[in-house]
Amino acid sequence: MTREEYFMTQALIEAQRALEKAEVPVGAVAVYQDKIIGRGHNERETLKDPTRHAEIIAIQQAAVFLGGWRLTDVELYVTIEPCVMCSGAAHQARIKRIIYGASDPKGGGVHSLYEIPTDRRLNHQIEVVSGVLEEECRGLMQEFFRGLRK
């Protein structure tokens with residue numbers, strides 16, 4: 001297992017936690033110096049808060065851990081391509097790298113609809129890696145939406 005696969009597996013554990021709460025199964029972990037310093041899974045339905053995305057929670061925890069909002073040496077692993085809000089939050093936090101599993105053709109703010117992390121008009125660009133454990137990440141989403149249709 002590669003380093004990227006290991007941390008994506010940790011994000012998948014978070015996504016599974018969301019699935020168990022009947023939330024859209026997205027999970028994220030923030031990594032600093034090969035240590036997880038933030039974990040999150042979607043909690044929008046549970047907390048009735050549209051901003052409780054996995055990425056936001058992981059970024060907030062990382063900022064608390066590091067004692068500041070500049071997360072310039074932090075990597076963010078996410079099971080599904082971050083949306084516009086989460087891509088913007090990663091930009092504002094100066095995240096170093098976003099690594100995600102499956103794309104989100106209807107809401108992705110990294111590659112699918114917008115390219116916020118790499119937009120040269122912004123004052124900070126984020127390195128992006130996609131497709132890490134893509135099938136596993138996509139599979140959880142498919143399982144969730146199949147369940148909703150039943």
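Keep in mind it's a predicted model, so treat the numbers as computed, not measured. When a residue number appears, it is its place in the shown sequence, counting from 1.
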To the nearest 0.5 angstrom, please state how far the [atom1] atom of [X] sits from the [atom2] atom of [Y].
X	Y	atom1	atom2	result
Q60	E55	CD	CD	11.5 Å
I95	C86	CD1	SG	11.0 Å
H111	S87	NE2	OG	10.0 Å
I80	H53	CD1	NE2	12.5 Å
T118	Q125	OG1	CD	7.5 Å

(request) Please step through side-chain contact (heavy atoms from CB on, under 4.5 Å) for the pair R97 and E4, ending with a clear verdict. (result) CA-CA 11 Å; R97 215 167 152 229; E4 288 176 343; 2.2 Å; yes
[X] with [Y], same ILVMFWY side-chain cluster at under 4.5 Å:
X	Y	answer
I98	L113	no
L71	L122	no
Y6	Y77	yes
I36	I56	no
W69	V31	no

(request) Assess whether atom OH of Y114 is packed by more than 12 heavy atoms of other residues, nucleotides or ligands within 6.0 Å. (result) no
(request) Decide side-chain contact (heavy atoms from CB on, under 4.5 Å) for Q16 and L140; before the verdict, give the C-alpha distance in whole Å, the side-chain angles of both, and the deciding distance to 0.1 Å. (result) CA-CA 8 Å; Q16 184 63 45; L140 266 183; 3.4 Å; yes
Are [X] and [Y] close enough for a salt bridge, meaning some N to O gap below 4.0 Å?
X	Y	answer
E14	R39	yes
R120	E115	no
E43	K21	yes
R138	E135	yes

Could you tell me whether the side chain of [Y] reaches within less than 4.5 Å of the side chain of [X], counting heavy atoms only?
X	Y	result
Q92	R70	no
V74	I59	no
L66	I37	yes
T9	L133	yes
Y100	V128	yes
Q33	D73	no
M85	T51	yes
E134	M8	no

For residues [X] and [Y], report the shortest heavy-atom separation together with the two atoms involved.
X	Y	result
V29	A11	CG1-N, 4.0 Å
G101	C137	CA-SG, 3.8 Å
P117	G109	CD-O, 3.4 Å

(message) By the definition side chain to side chain contact (heavy atoms under 4.5 Å, CB included), identify the one residue from V26, V110, I116 that meets it with P82.
(response) V110
(message) Is it true that E81 and S130 share a donor-acceptor pair across their side chains at a distance under 3.5 Å?
(response) no
(message) Within the 3.5 Å criterion, strictly below it, is a donor on H91 or D119 matched to an acceptor on the partner's side chain?
(response) no
(request) Given side-chain contact (heavy atoms from CB on, under 4.5 Å), test F7 with I99 step by step and report yes or no. (result) CA-CA 9 Å; F7 288 119; I99 302 93; over 6 Å; no
Under the 3.5 angstrom rule, does the side chain of [X] hit a backbone N or O of [Y] as a donor-acceptor pair?
X	Y	answer
H124	K96	no
N42	P25	no
E5	T2	yes
T79	G27	yes
E23	R44	yes

